[in-house]
Trainee: 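Structure below; questions to follow.
For ligands, and for the atoms within them, numbers begin at 1 and follow the listed sequence. Starting from 1, each residue takes its place in the sequence as its number. Computed from heavy atoms alone, side chains included, the values below leave out hydrogens, waters and symmetry copies.
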Amino acid sequence: QTKLKTKAKDPYPDWKAGTPVPYAALCTTFSLIELTTKRLEITEHCALFLRQVLRLTPEDFLPTVLLMINKLAPDYAGIELGIGESLIMKAIGETTGRSLAVIKADQKEIGDLGLVAVKSRSTQPTMFKPKPLTVKGVHKGLMDVATVSGNGAQGRKVDLIKKLLSSADAHSAGKVDIHKDKVEDPLLTALSELPSWDVIIPTMVEHGIMNLRDKCKLRPGVPLKPMLAKPTKAITEVLDRFENQKFTCEYKYDGERAQIHYVAKDHSNEYIDALPGATKEAADGVACIFSRNSEDLSKKYPDVLEKLHTWVKKGTKSFVLDCETVAWDMAEKKVLPFQQLMTRKRKDVKTEDVKVKVCVFAFDLLFLNGEAVVEKSLRERRELLHDAFTPVEGEFSFATHMNGQELEEIQTFLDESVKASCEGLMVKMLDGSESGYEPSKRSRNWLKIKKDYLSGVGDSLDLVVLGAYHGKGKRTSVYGAFLLACYNPKTDTYETICNIGTGFSEQVLEELHKQLSEITIDRPKPFYSHTTGNQHQPDVWFEPRYVWEVKTADLTLSPRYKAGAKEGVDPSGEKGISLRFPRFIKIRDDKKADEATSSRQVAEMYRKQESVTKSKGPAADDDF
Ligand code: ATP
């Protein structure tokens with residue numbers, strides 16, 4: 001607060017109560033944030049600014065928060081800016097009259113397009129003073145850029161960006177790319193049940209933050225971030241965790257997570273109106289399906305929506321179901337492997353063209369007949385689930401479960417799950433408040449036991465591809481190996497973890513080469529944490545976009561990598577964690593880069609390794 005006060009008496013003379021929030025004011029806050037890495041200070045700058053917005057221009061609170069967290073709309077709205085570096089460079093060039101070659105050279109030297117914009121801008125003579133940008137105006141401008149489609153969309157996008165840039169003063173020009181910061185409780189609680197800023201912010205402005213919980217409850221139409229499980233690698237570990245507490249085991253189906261939302265026509269208009277993703281009339285109502293990522297999957301699974309009426313009981317008026325869609329063998333009447341499901345088209349599927357049939361396996365119920373049921377125990381939710389729906393072979397099933405508490409029973413059930421083509425078991429707390437559904441949490445009340453990691457490292461990792469090495473020998477036309485990283489949400493950085501060259505077929509390598517060549521960048525991003533010695537540099541760097549599932553024999557410390565280095569695994573703080581013998585499993589299309597395995601999870605896996613104290617061989621750095 002003092003910093004801001006001493007700077008100027010009234011830094012924003014144009015910002016009066018009721019006038020739009022000046023974008024320059026937000027940029028000043030961003031600049032102050034840039035000067036520090038301390039979370040508390042960052043939070044303070046944000047809080048100070050948001051209080052000012054609330055006091056002077058509460059109606060701009062929503063766009064202000066959205067710009068602060070680097071979003072234009074809720075995730076499930078599927079709105080993306082869709083502009084790459086080259087488009088922005090073009091716009092900067094056209095706005096400032098500088099040639100693209102000069103801008104590219106600047107970018108190479110400075111490495112931050114925001115600063116390049118500032119530099120370009122300050123060399124441009126200003127003939128007249130354009131109207132200053134407002135937060136609302138920038139949000140709308142970016143929305144316009146994001147929603148342009150059809151013929152000549154790229155050109156129109158450039159025009160819209162130019163419009164924004166020409167109104168920006170030198171200081172704001174660098175900030176037209178939007179910033180990101182973390183949000184603190186109790187907003188987080190409300191957001192995990194109802195991840196919709198458009199609903200939460202106006203409610204908070206009107207009723208105050210302390211009333212959010214009452215006012216913002218989960219509802220059909222707004223997808224929740226799913227509850228996640230912790231990995232384990234021995235049944236005994238499960239028994240230790242749930243000592244003296246009732247738990248239940250379920251088959252762990254290997255398909256795609258799906259959240260099905262439904263409201264019957266004669267139920268509640270309030271809910272029906274809230275179904276933004278609803279694309280399908282189904283079973284005398286409207287329904288939609290969301291992915292683990294809150295993307296609308298309704299166009300991928302029209303066949304599921306069309307069959308809804310066969311398994312939703314008549315008296316069931318509204319629900320939110322947590323399930324797994326799994327490829328189904330009609331002839332053999334059994335589950336098919338995940339790879340089959342992956343061959344399904346993702347968009348605009350027509351039911352008559354569907355070749356891979358799916359069956360829905362429901363394992364949880366979050367909302368039923370107008371009421372959120374997440375706080376009920378799993379035993380109660382399961383009972384409600386079984387009462388509200390009717391299983392139909394090959395269309396809809398309840399996840400197979402078993403409530404036995406003995407080691408042998410669990411072992412037998414695990415073997416059965418594997419015979420039924422499942423991945424293993426999910427073990428869940430059954431009774432009491434701890435068995436409630438915890439949206440967006442990786443909870444110790446849900447444990448997963450996968451058949452193939454009962455020995456070795458507990459889980460596969462989902463890692464981001466940051467760079468690649470040109471192939472040698474047979475692989476000269478493709479990348480032969482890749483540099484992978486985990487994500488550290490505390491510092492918003494990608495920390496390198498291994499090089500990988502195993503597990504790829506020739507065909508996969510070709511596809512990856514095509515995909516990755518499109519997102520190469522000239523130099524590592526400032527938020528890549530990697531060693532800098534020349535011999536350790538990959539030949540090319542990429543935008544942090546693709547997430548791959550990777551298995552490993554075990555984890556070891558290595559001075560060459562940075563993963564988890566700040567998590568206290570190495571007393572000197574110099575070594576990071578690295579994977580030994582990493583093997584590529586598959587691309588995780590359903591995860592974004594910042595949903596990759598976190599540095600903390602990597603550190604947890606490392607600590608869990610039984611043989612941490614025993615000495616290890618050298619890290620398998622050169623797995624080429
Ligand atoms: P995570 O979701 O934990 O990040 P992941 O996406 O790699 O990891 P897995 O580790 O394979 O997935 O396990 C969790 C997933 O298993 C769930 O997200 C869900 O899609 C699926 N699943 C299958 N059967 C069940 C079940 N009975 N209960 C809960 N989840 C299940």
Trainee: Is it the case that ligand 1 has an N or O less than 3.5 angstrom from some N or O of Glu250?
Mentor: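 So ligand 1 has an N or O lying under 3.5 Å from an N or O of Glu250.
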Trainee: Taking only heavy atoms of Glu324 into account, list the atoms of ligand 1 that are under 4.0 Å away from them.
Mentor: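 With Glu324 as reference, the close atoms of ligand 1 come out as 19 (C), 20 (O), 21 (C), 22 (N), 23 (C).
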Trainee: If we only consider heavy atoms of Lys428, is any one of them less than 4.0 Å away from an atom in ligand 1?
Mentor: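 Right, Lys428 reaches ligand 1.
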Trainee: Report the part of Lys252 (side chain from C-beta onward, or backbone N, CA, C, O) that has a heavy atom under 4.0 Å from ligand 1; answer both or neither where that applies.
Mentor: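 Both backbone and side chain of Lys252 come within 4.0 Å of ligand 1.
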Trainee: Within the 4.0 Å heavy-atom shell around Trp446, which atoms of ligand 1 are there?
Mentor: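 Once the distances to Trp446 are compared, the set is 29 (C).
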Trainee: Between Tyr251 and Phe413, is the gap from one ring center to the other below 6.0 Å?
Mentor: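 Centroid separation for Tyr251 and Phe413: below 6.0 Å.
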Trainee: Has Lys591 got any heavy atom lying under 4.0 angstrom from an atom of ligand 1?
Mentor: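 Yes.
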Trainee: Are side-chain N/O atoms of Tyr546 and Asp589 paired as donor and acceptor at under 3.5 Å?
Mentor: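 No pair is found: no donor N or O on one side chain lies under 3.5 Å from an acceptor on the other.
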Trainee: Trp446 and Phe247: aromatic ring centres closer than 6.0 Å?
Mentor: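 So the answer is no for these two rings.
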Trainee: Take a 6.0 Å sphere around CD of Gln507 and say whether it holds more than 12 heavy atoms from other residues, nucleotides or ligands.
Mentor: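 No, because the 6.0 Å sphere around CD of Gln507 holds 12 heavy atoms or fewer from other groups.
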Trainee: Is ligand 1 less than 4.0 angstrom away from at least one heavy atom of His401?
Mentor: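 No heavy atom of His401 comes that close to ligand 1.
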Trainee: Please check if any side-chain donor atom of Gln515 sits under 3.5 Å from a side-chain acceptor atom of His513, or the reverse.
Mentor: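 Result is no, nothing qualifies.
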Trainee: Consider only side-chain N and O atoms of Gln601 and Tyr606, and report whether a donor and an acceptor are under 3.5 Å apart.
Mentor: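 Tyr606 and Gln601 do not have a side-chain donor-acceptor pair below 3.5 Å.
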Trainee: Glu256: heavy atom below 4.0 Å from ligand 1, yes or no?
Mentor: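 No heavy atom of Glu256 comes that close to ligand 1.
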Trainee: Please work out, at 4.0 Å between heavy atoms, whether the side chain, the backbone, both, or neither of Tyr251 comes within that distance of ligand 1.
Mentor: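 Looking at Tyr251 and ligand 1, just backbone atoms fall under 4.0 Å.
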Trainee: Checking side-chain polar atoms at under 3.5 Å, does Glu380 have a donor or acceptor matched by the opposite partner on Ser377?
Mentor: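 Indeed, the side chains of Glu380 and Ser377 share at least one donor-acceptor pair under 3.5 Å.
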Trainee: Pick whichever of Phe363, Phe338, Phe398 has a heavy atom sitting closest to atom 29 (C) of ligand 1.
Mentor: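 Shortest heavy-atom distance from atom 29 (C) of ligand 1: Phe363.
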Trainee: Considering residues, nucleotides and ligands other than Arg257, do more than 12 of their heavy atoms fall under 6.0 Å from its CZ?
Mentor: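 Correct, the count exceeds 12.
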Trainee: Closer than 4.0 Å to some heavy atom of Lys448 - which atoms of ligand 1 meet that?
Mentor: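 The list of qualifying atoms is 1 (P), 3 (O), 8 (O), 9 (P), 10 (O), 13 (O).
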Trainee: Run the numbers for me: atoms of ligand 1, each under 4.0 Å from some heavy atom of Glu423, listed by number.
Mentor: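 Here the atoms of ligand 1 in question are 11 (O).
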Trainee: Lys450 versus ligand 1: do any nitrogen or oxygen atoms come within less than 3.5 Å of each other?
Mentor: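 There is such a contact, yes.
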Trainee: Hey, are Glu395 and Thr310 close enough side-chain-wise for a donor-acceptor pair under 3.5 Å?
Mentor: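 No, no side-chain donor-acceptor pair sits under 3.5 Å.
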Trainee: Taking ring-ring contact (aromatic ring centres under 6.0 Å, His included) as the criterion, tell me which of Phe398, Phe319, Phe361 meets it with Phe389.
Mentor: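 Testing each of Phe398, Phe319, Phe361 against Phe389, the sole residue satisfying ring-ring contact (aromatic ring centres under 6.0 Å, His included) is Phe319.
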Trainee: List every atom of ligand 1 that sits less than 4.0 Å from any heavy atom of Arg442, numbering the atoms from 1 in the order shown and giving each element.
Mentor: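 Close to Arg442: 1 (P), 3 (O), 4 (O).
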Trainee: At under 4.0 Å between heavy atoms, which part of Glu549 makes contact with ligand 1: side chain, backbone, both or neither?
Mentor: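 Neither; no heavy atom under 4.0 Å.
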Trainee: Give the atoms of ligand 1, by number and element, whose distance to some non-hydrogen atom of Leu228 is under 4.0 Å.
Mentor: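 The atoms of ligand 1 under 4.0 Å from a heavy atom of Leu228 are 2 (O).
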